[in-house]
Participant: 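Submitted below is the structure of interest, expressed as structure tokens.
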Amino acid sequence: MTKEHDIANAADMPKAYDPGAVEGRIYVWWEESGYFKPSDSDADPFVIIMPPPNLTGELHLGHALTDGVEDILIRWHRMLGQPTLWLPGIDHAAIAVHVLVERQLAAEGLTKYDIGREKFLERVWGFVNNSRSRIFGQHKRLGSSADWSRELFTMDPGPSRAVRAAFYQLYQAGLIYRGERLINWCPRCNTALSDLEVDHEERDGFLWHVRYPMLDDAGQPSGGYITIATTRPETIVADTAIAVHPEDERYRAFTGKKARLPIIGRELAVVGDDAIDPAFGTGALKVTPGHDPVDFEIGQRHNVPVVSAINPDGTMNGEAGPYAGMDRFDCREAIVRDLDAQGFLVKTEPYRHSIGVCDRCGTIVEPLISEQWFVAVNKEYEPGRSLSGEALRAVTDGAVQFLPPRFTKIYTNWMENLRDWCISRQLWWGHRIPVWYCDSCAAVNVPPPAVEAPESCDACGATSLRQDEDTLDTWFSAGLWPFSTLGWPDDTDDLRRFYPTDVMETAYEIIFFWVARMIMMGLFCMRERGDAFEKRVPFRYVYLHGLVRDDDGQKMSKTRGNVVDPIGLVDKYGADAVRFTLVTAAGTGQDQRLREEKIESARNFANKLWNASRFVIMQLDPSQKVATPSLADRASLPAEDRWVLSRLEKLVAEVDRLLNEFQLNEAGHRMYDFLWGDYCDWYVEVAKVRLRQDGAADPRPVLVHVLETGLRLLHPYMPFVTEELWGRLRPFMATPPSEALMIAPYPKSDAAWRDEEAERAVDGVIDVVRAIRNIRSEKKIEPSRPIEAYVVSNDARPAIEAGAPYIEALARVQPLHIVSDASEAPRDGVATAVLPHAQVIVPLAGLMDAGAERSRLEKEIAEAEVYAKRLQGKLSNEQFRSKAPRDVVAAEEDRLAAAQTRLEGLRRALEELG
RNA sequence: GGGCGAUUAGCUCAGUUGGCUAGAGCGUCUGUUUUACACACAGAAGGUCGCAGGUUCAAGUCCUGCAUCGCCCACCA
């Protein structure tokens, strides 16, 4: 099964990493080897499902980020041998497919309405079923994956048992009701919307002041007027009262009297209500319960009749008298004109205010009275328990934790002010409302889920029933996702084992739509599990990532047309590069701007790994397998081996810590820094020297081990390159930990590998190399020409001597003199670098510019003096010495000592320069 | 009207229990066909961490206020 990876030489590795070739091959290999397929064993409980490969434009980078984070967490847990982590994450793919199918239809000159609901869903499902992707692994607990994905992708009302069950249970508990309410209506989409689906936009408008004639007790004009201000004069035709603040002196005389509605002529009662702000406008409000949510509530309080004057399509109806049939905005103009002509318009002032807009299409939403289904979110279904109350307490009690924690407050604020949730939609995509009406007695039948469709009416027994035409808000269905996918309402093994899951991962903008609803639904539907929130919540952590914005910082949106197609970027730079960039580019929960250069540099990182592996493989011989370095033999290893192993160990420990804290970006950065900076730039270069040198210790075991471990660490972040490279390395390992990287154990920290002494020693050698390179560069010495150099060192002398071959090779020094005292080195015409534990002296003979060297040294001395002075000040402060932790004080003392040594060296060098 | 976030090198951003001569990538400058990699290597320049106070031995990090930008929520007609 590892046939693809039994490659024993580097000859077939191209010089540059080709993501396309690797990703395709790895994908096929994963599939053929069965790793991504459902398994019967508990050990491998994940299956990856694939969103369609060619979702261009619709599946944007935010989705890629979500998928990337989820995949990282899942792979990490799987490698840790903790397969119980399970994350939802499919919804956006479903939406994307719907949009895509709509687009396909458009290309054929059709709309979804032309082909009908059944055909439309059929196409959606066909699309999903025939496609696969090599990129964004969607994970799903194995089992009935076909069922749930079909359910989700098609929003097919038929087989949706969980939706039926939840609806039924909520209805039985009195939490779902049908009512005539004022709801948000989109005249273009022709559907009701929940409060959440309405966006508020600031727009310029006008505030029209209109006067209403007062009537005396006989119903005759009394000569008085009450002036009201409105932004929506077209709704005047539906006015049924006037409200003022009960304590407003100006209107006290009018309260309880009647007024006459201009144009229409209706009599309006003047009522007192606390909701009125006397300071706004004229202090008097026209009450239009049929077209304004505030007015609706005022109307309820004062028993004011409700008039609906606007049709669902946005035109005026018969109640609008002369304006019947007009569009609502044409009506506005006409009515303003008429009011003015008839002397009712007092004044018109420009006014900027916020208006509700459909979040799907941007059309101005019309509040309408309509019969819809609602969830009573604040109603107690048991003493002390309501959907919102439970959902609030589960979070305040800590059963669900938000990351980053600041989102907790956003959630609780919302939950505390929640109003009933309108769940019926006049759309096709969604599960159909499982309610049947009786044609003869009009009874409402909500049958238990076991009944597919009731045959007769519960109330009168008549057999003529019809199902509600409306569908459910998709978020109602989506809110059931954590357990509907696990077989609920049955008490399945899956449900027992995987509910609650560990982490819910999504963008912060989805908190209300989905996260909050899942928590509400979960707590209710799992109420049989008892009181403990821990058993009923759908997940313990909510990890929220930021939004991916475009280069200008704009939020990506389809309507704005600035969505970046992740597939195009994947084709260009590879899935690994795209994922690595998205995950590491910003802090947790922070928005990021996407710039292609970032992805390019992540691709370069992949290429770096590719070439480092290529180099390592070139040094290996398949007949001689390489053993893993063991702790027992560590003492015999050269310092640089112990150095890199020590640093690797620290990396492993840090990555473990960071991943446990969900600091994914930081963990990614650490791996990048280690693999590129420590391993490639230094260890590999040092190893080259040893490979060339007869009799030197064999670097190959460490070379392979560190690379192999690094690839394992990085695998969740860059699954494709790492799998490929690890697979190529595997044939050379004496004891490979597994057949494939994705099922290999995640590296574990073992502090015994730490070696501070080796780190100090090798860091000292690196400092020397850098110092000499710096001198070479500053003095413009030809890169290829070897130069003579002296390293003066006392305490670090053994380390420098051990590192001598590397100094010679990496800094091109020939010959290298290691001496214990500066007097043993030449003084004239030299460039000097003073390091904490060594001094580098490079004789320059003719190349030497004494003046330039002097000013350079002077500058360095000045800087070092400032630094040393600061440290001295700090250390001579008694407060610091007594209050700061001992190790901090000790560290400062070490720094000061080093700074002083350096300063002395610099001064001496300056003196010797004359 | 409330709430939240951001403000750190030319650009995009890290910096999560306060201890930093403040880092990365890109860009810039100077060099390099050094047999893994020019998707590279070596070297360098570049920041009073938005402003003003405060707490502390110590503040980019904590507190208060302010400014600018952005986001979310909200029934002010």
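As a basis for the values below, the full set of heavy atoms in this structure was taken, side chains included, without hydrogen atoms, waters or symmetry mates. Lettering follows sequence order; numbering is per chain, from 1.
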Participant: Is the phosphate of A44(B), meaning OP1 or OP2, less than 4.0 Å from a side-chain N or O of Asn774(A)?
Facilitator: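 Answer yes for this pair, as a side-chain N or O of Asn774(A) is under 4.0 Å from OP1 or OP2.
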Participant: May I ask you to verify if any side-chain N or O of Lys409(A) is less than 4.0 angstrom from the OP1 or OP2 atom of C4(B)?
Facilitator: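 For C4(B), OP1/OP2 do have a side-chain N/O of Lys409(A) under 4.0 Å.
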Participant: Checking Phe605(A) against Tyr672(A) for the ring pair (Phe, Tyr, Trp, His ring centres under 6.0 Å) test, could you report, in this order, the C-alpha distance in whole Å, the side-chain angles of both residues, the deciding distance, and whether it holds?
Facilitator: CA-CA 8 Å; Phe605(A) 178 45; Tyr672(A) 179 99; 4.6 Å; yes
Participant: Identify whether a stacking contact exists between Phe280(A) and C76(B), where the ring centres must be under 5.5 Å apart and the planes under 30° apart.
Facilitator: no
Participant: Does the structure show a Watson-Crick or G-U wobble partner for A36(B), both distances under 3.5 Å? Name it, or say none.
Facilitator: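 By the stated definition (distances under 3.5 Å), nothing pairs with A36(B).
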Participant: Using the C1' atoms only, state how far U28(B) lies from C73(B), rounded to an integer number of Å.
Facilitator: 44 Å
Participant: Scan every strand shown for a Watson-Crick or G-U wobble partner of U61(B), both distances under 3.5 Å, and answer none if you come up empty.
Facilitator: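 No nucleotide pairs with U61(B).
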Participant: When all nucleic acid strands are considered with a 4.0 Å heavy-atom cut-off, which category describes Leu871(A): base, sugar-phosphate, or nothing?
Facilitator: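 Nothing, no heavy atom under 4.0 Å.
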Participant: Between the side chain of Arg902(A) and the main-chain N/O of Val834(A), is any donor-acceptor distance below 3.5 Å?
Facilitator: yes
Participant: Provide the Watson-Crick or G-U wobble partner of G18(B), both distances under 3.5 Å; none if there is no partner.
Facilitator: none
Participant: Could you tell me if Asp239(A) and Tyr212(A) have a donor-acceptor pair between their side chains, going purely by distance under 3.5 Å?
Facilitator: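 On atom types as modelled, these side chains qualify, holding a pair under 3.5 Å.
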Participant: Contact class for Gln590(A) vs. all strands (heavy atom < 4.0 Å): base, sugar-phosphate, or nothing?
Facilitator: sugar-phosphate
Participant: Indicate whether OP1 or OP2 belonging to C39(B) is found under 4.0 Å from a side-chain N or O atom of Trp676(A).
Facilitator: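 Checking C39(B) against Trp676(A), no side-chain N or O comes under 4.0 Å of OP1 or OP2.
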Participant: Out of A77(B), U34(B), C57(B), which has the shortest distance to the side chain of Lys883(A)?
Facilitator: C57(B)
Participant: Under 4.0 Å between any heavy atoms, over every strand shown, what does Pro293(A) touch: base, sugar-phosphate, or nothing? Just pick one.
Facilitator: nothing
Participant: So what does Asp277(A) hit on the nucleic acid, given a heavy-atom distance under 4.0 Å: a base, only sugar-phosphate, or nothing?
Facilitator: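 Base: the residue Asp277(A), judged by heavy atoms under 4.0 Å, touches a nucleobase.
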Participant: Whole angstrom is fine here: how far is it from CG in Leu896(A) over to P in G19(B)?
Facilitator: 20 Å
Participant: Taking pairing as Watson-Crick or G-U wobble with both contacts under 3.5 Å, can you name the mate of U7(B), or confirm there isn't one?
Facilitator: A67(B)
Participant: Within the 4.0 Å heavy-atom criterion, would you say Ile410(A) contacts the bases, only the backbone, or no part of the nucleic acid?
Facilitator: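 Result for Ile410(A) = nothing.
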Participant: Glu349(A) CD to A77(B) P: how many Å, rounded?
Facilitator: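 My rounded result for the distance is 12 Å.
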Participant: I'd like to know whether the aromatic ring centres of Phe402(A) and Tyr541(A) sit less than 6.0 Å apart in this structure.
Facilitator: no
Participant: Can you find a donor-acceptor pair, distance only, under 3.5 Å between Gln663(A) side chain and A14(B) base?
Facilitator: no
Participant: Ignoring backbone atoms, test whether Asn604(A) places a side-chain nitrogen or oxygen under 4.0 Å from the OP1 or OP2 oxygen of C37(B).
Facilitator: no
Participant: Okay, side chain of Asp292(A), backbone of Thr288(A): is any donor-acceptor separation there less than 3.5 Å?
Facilitator: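 A pair under 3.5 Å: no.
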Participant: Taking any heavy-atom pair under 4.0 Å as a contact, classify Thr588(A): base, sugar-phosphate, or nothing.
Facilitator: base
Participant: Remember a base hit wins even if backbone is also touched, and classify Pro404(A) as base, sugar-phosphate or nothing at under 4.0 Å, heavy atoms.
Facilitator: nothing
Participant: Paired with G23(B): which nucleotide, if any, by Watson-Crick or G-U wobble criteria at under 3.5 Å for both distances?
Facilitator: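 Per the H-bond distance test, C13(B).
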Participant: Sort out the partner of C49(B) for me: Watson-Crick or G-U wobble, both distances under 3.5 Å, none otherwise.
Facilitator: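 Paired with no nucleotide.
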Participant: Take the protein atom CG of Leu810(A) and the nucleotide atom P of U34(B), then report the distance between them rounded to whole Å.
Facilitator: 15 Å
Participant: Ignoring hydrogens and geometry, is there a side-chain-to-backbone donor-acceptor pair from Asn607(A) to Tyr17(A) under 3.5 Å?
Facilitator: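 Indeed, once roles are kept as given, a pair shorter than 3.5 Å links the two residues.
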Participant: Taking 4.0 Å as the cut-off, does a side-chain nitrogen or oxygen of Arg232(A) come that near to OP1 or OP2 on A77(B)?
Facilitator: no
Participant: Give a yes or no on whether a donor-acceptor pair under 3.5 Å exists between the nucleobase atoms of A36(B), that is its base, and the side chain of Lys15(A).
Facilitator: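 No, no donor-acceptor pair under 3.5 Å.
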Participant: C29(B) pairs with which nucleotide, Watson-Crick or G-U wobble, both distances below 3.5 Å?
Facilitator: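 Because both required distances fall under 3.5 Å, C29(B) counts as paired with G43(B).
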Participant: Tyr672(A) OH to C26(B) C1': how many Å, rounded?
Facilitator: 10 Å
Participant: Using distance alone, with no hydrogens and no angle criterion, decide if Arg614(A) and Asn611(A) have a side-chain donor and acceptor under 3.5 Å apart.
Facilitator: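 Note: Arg614(A) and Asn611(A) side chains meet the donor-acceptor criterion.
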Participant: So what does Ala586(A) touch, heavy atoms closer than 4.0 Å: a base, only the sugar-phosphate, or nothing?
Facilitator: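 Sugar-phosphate, no base atom in range.
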Participant: Does Arg595(A) or Glu666(A) map to a spot on RNA chain B nearer the 5' end, using the closest nucleotide for each?
Facilitator: Arg595(A)
Participant: Taking any heavy-atom pair under 4.0 Å as a contact, classify Asp673(A): base, sugar-phosphate, or nothing.
Facilitator: nothing
Participant: Among the nucleotides A36(B), G19(B), A77(B), which one has an atom lying closest to any side-chain atom of Tyr351(A)?
Facilitator: A77(B)
Participant: Check every strand shown and say whether Asp681(A) touches a base, only sugar-phosphate, or nothing at a heavy-atom separation below 4.0 Å.
Facilitator: sugar-phosphate
Participant: Just to be sure I understand the rule, does Arg881(A) reach a base, reach only the sugar-phosphate, or reach nothing, if contact means heavy atoms closer than 4.0 Å?
Facilitator: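 No contact.
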Participant: Does A42(B) have OP1 or OP2 under 4.0 Å away from a side-chain N or O of Arg776(A)?
Facilitator: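 False: Arg776(A) side-chain N/O out of range (4.0 Å or more) of A42(B) OP1/OP2.
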Participant: Do the side chain of Lys608(A) and the base of C37(B) come within less than 3.5 angstrom through a donor-acceptor pair of N or O atoms?
Facilitator: yes
Participant: Grab the CG-C1' distance between Leu207(A) and C76(B) for me, whole Å please.
Facilitator: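 These atoms are roughly 11 Å apart.
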Participant: Testing the 3.5 Å rule here: is there a donor-acceptor pair between the side chains of Asp673(A) and Tyr679(A)?
Facilitator: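 No pair is found: no donor N or O on one side chain lies under 3.5 Å from an acceptor on the other.
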Participant: Base of C4(B), side chain of Arg406(A) - is there a donor-acceptor contact under 3.5 Å?
Facilitator: no
Participant: Tell me the partner of G1(B), counting only Watson-Crick (N1-N3 plus N6-O4 or O6-N4) or G-U wobble (N1-O2 and O6-N3) with both under 3.5 Å; none if nothing fits.
Facilitator: C73(B)
